[in-house]
There are 2 protein chains.
Amino acid sequence: MKLEQAAKQLEALGNPKRLNLYRTLVRAGEAGRPVGYLQETLGIAPSTLSHHLHRLILTGLVTQERQATTLICRANYPVMDDLLGFLADECCADAACGPAVGEAAA
Amino acid sequence: MKLEQAAKQLEALGNPKRLNLYRTLVRAGEAGRPVGYLQETLGIAPSTLSHHLHRLILTGLVTQERQATTLICRANYPVMDDLLGFLADECCADAACGPAVGEAAA
DNA sequence: CATCTATTTCGAGAATTTTCGAAATAGTAT
DNA sequence: ATACTATTTCGAAAATTCTCGAAATAGATG
């Protein structure tokens, strides 16, 4: 996985509307969801949804399959797994990777 | 983890320069890296780097610690883990998808 | 205090994204 | 072919992001 592509995918997910859309598909699983259903559920204009969907599809995160006049959208799990792997993979690759205790803003 | 915050974090990572920056920190581990080192490594103007760093810090993905005049930057692993969890968590929650049935939040 | 290094803030121009309505296209059925 | 539903493409306005140089700030040291 190249950095450029990972960035594209993260950018695609980094918009609330698109993330919500993608999550809906992730939860839908193999069944997928038709574009029309997504449009009603998310409450955005058809042209706007189409635009967002297109971006998700370009990155490979979502696929579509035609069923008559309806387009079924599905989350592409392997692509998501690759992306998650990319993020987690090189943890501490350049250091002695200890247990990473969280001094986070708790 | 709220959708809005996850989107912010993904958006922060969804820029090649920032993703590269973040990856450098992830690989650096607990040692972290000083801003100046990052600036040279990534080859961008100090003000630009500062801007990107600020965005990463706002989302919680990166933390800073002062050491004299130098600022050490570190990846905040727990935050990344939360984000990865958010993405993977609800896989197929609305479908028959095997073992992913621990969800009571939604 | 003057000065040096490290980093951020300010201000602004260029590029990109987001949004939507209107019009176009894909597919089905009559 | 005509009509109908589902979805995309086009065109354009508003908002946001990205970038950098110049000036400002934080902290250490002489």
Side-chain angles (χ1 to χ4, degrees), chain A residues 3-25 28 31-76, chain B residues 3-25 28 31-76:
Chain A
L3 182 128
E4 280 289 335
Q5 193 191 352
K8 279 265 194 296
Q9 293 174 347
L10 290 164
E11 183 185 41
L13 295 174
N15 169 283
K17 298 259 171 64
R18 279 197 298 270
L19 183 55
N20 200 11
L21 162 54
Y22 182 70
R23 275 211 118 200
T24 302
L25 293 179
R33 293 284 183 261
V35 174
Y37 169 88
L38 296 169
Q39 195 254 304
E40 282 179 19
T41 299
L42 303 172
I44 56 185
S47 56
T48 304
L49 173 62
S50 192
H51 161 71
H52 285 317
L53 224 26
H54 186 63
R55 291 199 55 164
L56 253 6
I57 289 165
L58 275 185
T59 66
L61 283 163
V62 166
T63 61
Q64 282 181 329
E65 180 203 353
R66 180 136 234 153
Q67 273 180 16
T69 55
T70 301
L71 274 172
I72 306 294
C73 307
R74 289 195 188 82
N76 196 356
Chain B
L3 182 129
E4 280 289 336
Q5 193 192 352
K8 278 265 196 296
Q9 293 174 348
L10 290 163
E11 183 186 40
L13 294 174
N15 169 283
K17 298 257 171 65
R18 279 197 298 270
L19 183 55
N20 199 12
L21 161 53
Y22 181 70
R23 275 211 119 201
T24 301
L25 293 180
R33 293 284 183 261
V35 174
Y37 168 88
L38 296 168
Q39 196 254 303
E40 281 179 21
T41 300
L42 303 172
I44 56 185
S47 56
T48 304
L49 173 62
S50 192
H51 160 72
H52 285 316
L53 223 26
H54 186 62
R55 294 198 53 161
L56 252 6
I57 288 165
L58 276 185
T59 66
L61 283 162
V62 165
T63 62
Q64 281 183 331
E65 181 202 352
R66 182 136 234 152
Q67 272 181 18
T69 56
T70 301
L71 275 172
I72 306 294
C73 306
R74 290 195 187 83
N76 196 357

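Side chains included, hydrogens not; waters and symmetry mates left out as well; all remaining heavy atoms used. Reminder, nothing fancy here: chain letters follow the sequence lines and each chain counts from 1.
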Is there a donor-acceptor pair closer than 3.5 Å between any side-chain N or O of B:Asn76 and the backbone N or O of B:Gly60?
yes

To the nearest 0.5 angstrom, please state how far the [atom1] atom of [X] sits from the [atom2] atom of [Y].
{"X": "A:Glu11", "Y": "B:Leu10", "atom1": "CD", "atom2": "CG", "result": "11.0 Å"}
{"X": "A:Cys73", "Y": "A:Leu53", "atom1": "SG", "atom2": "CG", "result": "4.0 Å"}
{"X": "A:Leu71", "Y": "A:Arg33", "atom1": "CG", "atom2": "CZ", "result": "15.5 Å"}
{"X": "A:Gln39", "Y": "A:Leu21", "atom1": "CD", "atom2": "CG", "result": "11.5 Å"}
{"X": "B:Arg23", "Y": "B:Leu13", "atom1": "CZ", "atom2": "CG", "result": "11.0 Å"}

Test item: A:Gln64 and A:Val35 side chains (from C-beta on) under 4.5 Å apart, heavy atoms:
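When only atoms from C-beta onward are counted, A:Val35 and A:Gln64 do touch, with a gap below 4.5 Å.
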
Should A:Leu25 and A:Leu61 count as side-chain neighbours, where that means a heavy-atom distance under 4.5 Å?
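Not touching, per the 4.5 Å side-chain cut-off.
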
Salt bridge (Lys or Arg N to Asp or Glu O under 4.0 Å) partners of B:Glu65, counting only residues at least two apart:
B:Arg74

What heavy-atom pair brings [X] and [Y] nearest, and what distance separates the two atoms?
{"X": "B:Pro16", "Y": "A:Leu3", "result": "O-CD2, 3.7 Å"}
{"X": "B:Ala31", "Y": "B:Ile72", "result": "O-CG2, 3.6 Å"}
{"X": "B:Ala7", "Y": "A:Asn15", "result": "CB-C, 4.1 Å"}

Using the C1' atoms of the five pairs at each end, what is the angle between the end axes of the helix from C:dC1-D:dG30 to C:dT30-D:dA1, to 10°?
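Axis angle across the helix from C:dC1-D:dG30 to C:dT30-D:dA1, nearest 10°: 20°.
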
Keeping to residues at least two apart or across chains, list the side chain to side chain donor-acceptor pair (under 3.5 Å) pairs with something in residues 41-54 of chain B.
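Only B:Arg18-B:His52 qualify under side chain to side chain donor-acceptor pair (under 3.5 Å).
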
Residues within residues 14-22 of chain A bordering DNA chain C, heavy-atom distance below 4.0 Å:
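Output list: A:Asn15, A:Lys17, A:Arg18.
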
Counting only non-hydrogen atoms, which of residues 38-51 of chain A are less than 4.0 Å from DNA chain C?
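Output list: A:Ala45, A:Ser47, A:Thr48, A:His51.
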
Using the closest heavy atom to pick a nucleotide of DNA chain D for each, name whichever of A:Val35 or A:Glu11 lands nearer the 5' end.
A:Val35

Nucleic acid contacts of residues 61-74 of chain A, taken as heavy-atom distances under 4.0 Å to DNA chain D:
A:Gln64, A:Thr69, A:Thr70, A:Leu71

Indicate whether OP1 or OP2 belonging to C:dT7 is found under 4.0 Å from a side-chain N or O atom of B:His54.
no

Rounded to the Å, how far apart are [X] [atom1] and [N] [atom2]?
{"X": "A:His52", "N": "D:dT9", "atom1": "NE2", "atom2": "P", "value": "15 Å"}
{"X": "B:Leu53", "N": "D:dT17", "atom1": "CG", "atom2": "C1'", "value": "17 Å"}
{"X": "B:Arg33", "N": "C:dA6", "atom1": "CZ", "atom2": "C1'", "value": "18 Å"}

